[in-house]
Participant: 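Have a look at this one before I ask anything.
Keep in mind that this is a model prediction, so the values were computed, not measured.
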Amino acid sequence: MSVSNLLENWAQVRHEHPNNDKPHDPYKWAMAIDLDACTGCNACSIACYAENNIPVVGKERFQHGQQMHWMRVERYWDEDGREFPDQGFQFLPMMCQQCEAAPCETVCPVAATNHTADGLNSQIYNRCIGSRYCSANCPFKVRYFNWYDYPTDEMVWPAEMQQQMNPDVSVRSKGVMEKCTFCVQRLSAAKVKAKGEGRIVAEGEVQTACQQACPTSAISFGNLVNPDSRVHKQWAAQQVELDKDKQAKNEEEEASELRGYRILEELRAYPSVMYLERVRESAV
Amino acid sequence: MYRFLRFPILLVGLFLAASSFAANSSQPALTTEDSLGPQVQQPIEFPHNRHAGLKDASDPAKGGMEINCQYCHTYARRSAVAGIPPLQKCIGCHQNIESVRNKPRIVELFKYWDAKKAVPWKKVHDLPDFVRFNHERHIKRFVEQQDRPVQEACGYCHGDVKEMTVARRQKSLAMGWCASCHEKDHPVVAEGGTPIAGQAYWYSFQKPAAAVDANTKARGPNDCWQCHK
């Protein structure tokens, strides 16, 4: 949704799944993360830092809740009575879910975050005034605020580190909100290449940084409307539909063997990330 | 009472009426806003008019050479940035042009060549780092798909370079100026019903069921992430 469209149709926005009137075509970027394959190694998080010029804030600021990791790996302990060395746990990589009806978009006073035609939730740093309302309204808590200008004097990057900065991603300044972009710079480069050749982006042509770094291929990313894409096949196999707030498979009497689910689906944010995990007795 | 206010109120009213009329009138013509950039001092005063300008029929020694913009700015059609031609490109022609070999600017040029140093050209059209602009897409659309003259297509943003010596920014290159084009309704098919390649192609993706005729209009991409990074 463009800014002009957003402003014209302010009253109508987000009352129902926006797909109903404007189908995603030819792109809808989506993700599927297999938690049974995730080992919690944090490679995705590191890859994200490197790709997106994310500042490393240090231990002290991290404790103050000023961390900037767009991709974080959450850890959930199993509550089965066993003590620490034997206690089981589950990892969950959490990043912006690129909600179709994103709660952050409707509350931004300056429309700095809004929806693109590809179904991404865009964040425009220049437009952002730092009200942090979007972060307050995000059910996944995946938006990060720049409390400082990085690099600061006391936390200046070594000169050679400048060489590893990604020129395709802005370095954000103090007072703006930022979040996972699904590596939009890579998407945009792939789209330009495909457009020049008169086709759409093929499956496997574009990868996000986290997906590329994942040693167990737990993360798959692609175009959900392309029936050949891995992510489309996974969503279809797990019977998870993008524009539903209650999946039909969950209504069945018998507990479904299917592993796919989306986080906080009932909030009607329609996230674009599906997680796969077998429900275990110990984790319930 | 308040008689002295009559005239100012009339003036304000007239102004409001005129400005609201202006706001409602038809969309502004493409690329009209002129905003002259700073005069950039280049290491060698490169005469664009001599290279790209029109030929002088009466005296071939004067006038321009009508060289295609893309002969030197060769990256524009195949990459995001137009780039600056390497010194090799200048020398490639100029080593065979004996008649101007001793002109001061050419002597200067060969000094760089002999020293094996690149000419430190300065940027004239410098977009902020948070913007991505793709030259290739614009050349593909205007020159390759719509067959418009190269100088016209480049001129939408760069002005009439064939009249300049050292290039100077002619348009504001601000976001509103870009959007004045991107938010315009452009026809999807040309006169006679031939689809305008790229536009009709993408229109068919977005509205597969819609019938396309001469009145069908579409807009250029205008979501924020198209240009902001």
Participant: Is any side-chain N of the basic residue among A:Glu203 and A:Lys233 closer than 4.0 Å to the acidic one's carboxylate O?
Facilitator: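 No, no charged N to carboxylate O under 4.0 Å.
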
Participant: What part of A:Asn121 is in contact with chain B, defined as an atom under 4.5 angstrom from a non-hydrogen atom: side chain, backbone, both or neither?
Facilitator: backbone

Participant: Report, by ascending residue number, the residues of residues 126-135 of chain B in heavy-atom contact with chain A at a distance under 4.5 Å; give 'none' if the set is empty.
Facilitator: B:Phe130, B:Arg132, B:Asn134

Participant: Under a 4.5 Å heavy-atom cut-off, does chain B meet the side chain of A:Ser188, its backbone, both or neither?
Facilitator: side chain

Participant: Any luck finding a side-chain donor-acceptor pair between A:Glu51 and A:Gln212 under 3.5 Å?
Facilitator: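 No, A:Gln212 and A:Glu51 have no side-chain donor paired with an acceptor closer than 3.5 Å.
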
Participant: Looking at residues at least two apart in the chain, or sitting in another chain, which of them share a side chain to side chain donor-acceptor pair (under 3.5 Å) with A:Asn137?
Facilitator: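 Not a single residue meets the side chain to side chain donor-acceptor pair (under 3.5 Å) criterion with A:Asn137.
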
Participant: Less than 4.0 Å between a side-chain N and a carboxylate O, is that true for B:Glu45 and B:Arg105?
Facilitator: yes

Participant: Can you list the residues that meet the ring pair (Phe, Tyr, Trp, His ring centres under 6.0 Å) rule with A:Tyr144, with sequence neighbours excluded?
Facilitator: A:His69

Participant: Taking salt bridge (charged side-chain N to carboxylate O under 4.0 Å, His left out) as the definition, give me every residue that meets it alongside B:Glu152, ordered by chain and number, with sequence neighbours left out.
Facilitator: none

Participant: Working to the nearest 0.5 angstrom, can you tell me the gap between A:Tyr125 OH and B:His228 NE2?
Facilitator: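 Reported to 0.5 Å precision, the distance equals 12.0 Å.
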
Participant: Taking every non-hydrogen pair under 4.5 Å, which of A:Val169, A:Asp118, A:Val171, A:Thr181 racks up the most with chain B?
Facilitator: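 Result: the option with the highest number of such pairs is A:Thr181.
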
